[in-house]
Amino acid sequence: MPRAFDPGPTRAWEDLFAAAPLDHFTNHPRQRFRKEFGPVFYRGRLNGTARVLLVAQDPAPNELVAHRTLVGSAGQRVQGFLRKLGIDRSYLMLNTFLFPVLGQFDTELRRISLEPPILDTRNRWFDHAAATNEIEVVIAAGNAAAHAVAHWPGHASFEIVEIQHPSARDEVALAKSWNAGLRRARAFVAPDRGAVFDDLEFGPEMLPTDRVPIPRRDLPFGVPPWMGDGDHVERDGTTRLVWAAP
């Protein structure tokens with residue numbers, strides 16, 4: 001069993017997570033959230049050592065099983081982005097929404113994102129991350145994340161780098177966006193000490209080799225060694241997830 005694993009939230013973070021307005025999501029009248037498998041809160045460092053705050057959108061099936069955000073193919077792309085920054089551990093990832101959403105980030109979800117229970121809770125988490133870490137850059141991956149960060153009053157104190165969501169289907173446009181993000185982020189964040197990293201940019205389009213497996217230190221103790229390397233979970237209807245070993 002690998003010794004590196006995520007020990008879970010500190011008491012302060014546990015209190016913040018425990019105060020999340022889960023009922024507001026699960027009982028929302030617009031029915032835009034998949035509530036059957038519960039929320040997903042974070043991935044990365046909650047111990048005050050994060051230097052990159054990365055905001056994404058919402059969890060998908062792989063994240064629901066791992067109970068950590070960005071662990072499937074999209075998360076492995078994000079890990080590849082961080083590797084090119086030389087950041088192999090000093091990051092914290094939070095979401096716009098705690099639950100998977102139905103459909104795209106449209107006008108209705110923009111309004112829902114700004115409802116006080118969701119907005120205020122998310123901003124408290126961003127505030128706590130900023131207050132307890134030496135954040136050097138905030139990366140917003142996708143439109144929902146950019147919208148969330150723009151409506152965080154504390155964003156003006158940080159360098160904000162917006163990149164396309166890692167699930168974007170136009171591989172050429174995604175590579176262009178991420179290369180621009182890399183160039184900007186490198187001006188503000190130094191590599192982690194001792195990190196083995198790739199300081200080249202992405203090629204003209206994103207490739208499968210640009211994905212990096214999720215570090216064991218980001219996952220709970222006892223998960224299979226192949227979790228976070230490839231996609232292993234898919235939906236089968238509303239109330240069933242199929243988790244397949246490689």
Side-chain angles (χ1 to χ4, degrees), residues 1-13 41-56 62-63 66-95 125-126 128-141 145 157-163 166 174-175 177-203 206-230:
M1 181 68 64
R3 291 184 177 272
F5 66 94
D6 177 14
T10 63
R11 181 57 184 271
W13 275 109
F41 292 94
Y42 75 100
R43 176 160 74 85
R45 310 287 77 76
L46 296 176
N47 61 2
T49 62
R51 295 187 294 114
V52 174
L53 175 61
L54 190 142
V55 183
N62 284 273
E63 287 72 26
H67 283 284
R68 296 293 185 271
T69 196
L70 289 169
V71 299
S73 60
Q76 292 156 43
R77 276 182 165 175
V78 166
Q79 208 65 37
F81 181 93
L82 292 172
R83 181 180 64 178
K84 289 181 179 294
L85 283 179
I87 301 297
D88 66 359
R89 58 191 178 277
S90 301
Y91 51 78
L92 172 60
M93 303 179 189
L94 299 171
N95 277 332
W125 295 2
F126 290 171
H128 189 69
T132 57
N133 296 273
E134 296 294 330
I135 300 296
E136 297 172 358
V137 68
V138 177
I139 299 173
S157 299
F158 297 93
E159 296 297 330
I160 311 298
V161 175
E162 296 183 9
I163 59 175
L174 183 62
S177 168
W178 280 30
N179 281 332
L182 279 174
R183 290 191 290 270
R184 186 169 178 204
R186 283 171 175 161
F188 303 106
V189 62
D192 281 331
R193 182 176 298 179
V196 177
F197 67 100
D198 172 9
D199 61 356
L200 300 176
E201 293 187 354
F202 294 97
M206 303 295 285
L207 301 172
T209 52
D210 291 322
R211 300 175 184 175
V212 172
I214 307 305
R216 307 308 299 175
R217 66 170 64 93
D218 287 8
L219 299 172
F221 180 82
V223 300
W226 39 263
M227 177 163 280
D229 188 1

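Residues: numbered from 1 along the sequence shown. Scope of the values below: all heavy atoms of this structure, side chains included, with no hydrogens, waters or symmetry mates.
- Annotation: side chain to side chain donor-acceptor pair (under 3.5 Å) contacts of Asp198 (sequence neighbours excluded): Lys84.
- With sequence neighbours left out, the ring pair (Phe, Tyr, Trp, His ring centres under 6.0 Å) criterion links Tyr42 to Phe17.
- Taking CZ from Arg43 and CG from Leu70, the interatomic distance works out to 6.0 Å, rounded to the nearest 0.5 Å.
- Between the side chains of Tyr91 and Asp218, at least one donor N or O sits under 3.5 Å from an acceptor N or O.
- Panel note: side chain Arg184, backbone Ile160; a donor-acceptor pair is recorded below 3.5 Å.
- Among residues two or more places apart in sequence or in another chain, the side chain to side chain donor-acceptor pair (under 3.5 Å) test is passed with Arg183 by Glu201.
- Every residue two or more places apart in sequence or in another chain was checked for a side chain to side chain donor-acceptor pair (under 3.5 Å) with Asp199, and none qualifies.
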Discussion item. Pair Leu82, Met93 - check side-chain contact (heavy atoms from CB on, under 4.5 Å), show working.
Written reply: CA-CA 12 Å; Leu82 292 172; Met93 303 179 189; 3.6 Å; yes
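- The minimum heavy-atom distance linking Ala66 with Leu219 is given by the pair CB-CD2, 4.4 Å.
- Minimum heavy-atom separation, Ala175 to Gly203: CB-O, 3.4 Å.
- Ion pairing between a basic and an acidic side chain is recognised when a charged N comes within 4.0 Å of a carboxylate O; Asp6 and Arg45 show no such pairing.
- Contact between Leu85 and Arg186 at its shortest, heavy atoms only, is CD2-CG, 3.6 Å.
- Remark: Thr10 pairs with no residue by the side chain to side chain donor-acceptor pair (under 3.5 Å) rule, at least two apart or across chains.
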Fill in: Asp88 and Arg83: CA distance, side-chain angles, deciding distance, side-chain contact (heavy atoms from CB on, under 4.5 Å) verdict
CA-CA 6 Å; Asp88 66 359; Arg83 181 180 64 178; over 6 Å; no
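- For residues 131-140, every residue pair satisfying the side-chain hydrogen bond (donor to acceptor under 3.5 Å, both in side chains) rule, not counting sequence neighbours, is listed here: Arg51-Glu136.
- A tilted orientation is assigned to the rings of Trp125 and Phe41, their planes being inclined by 30° to 60°.
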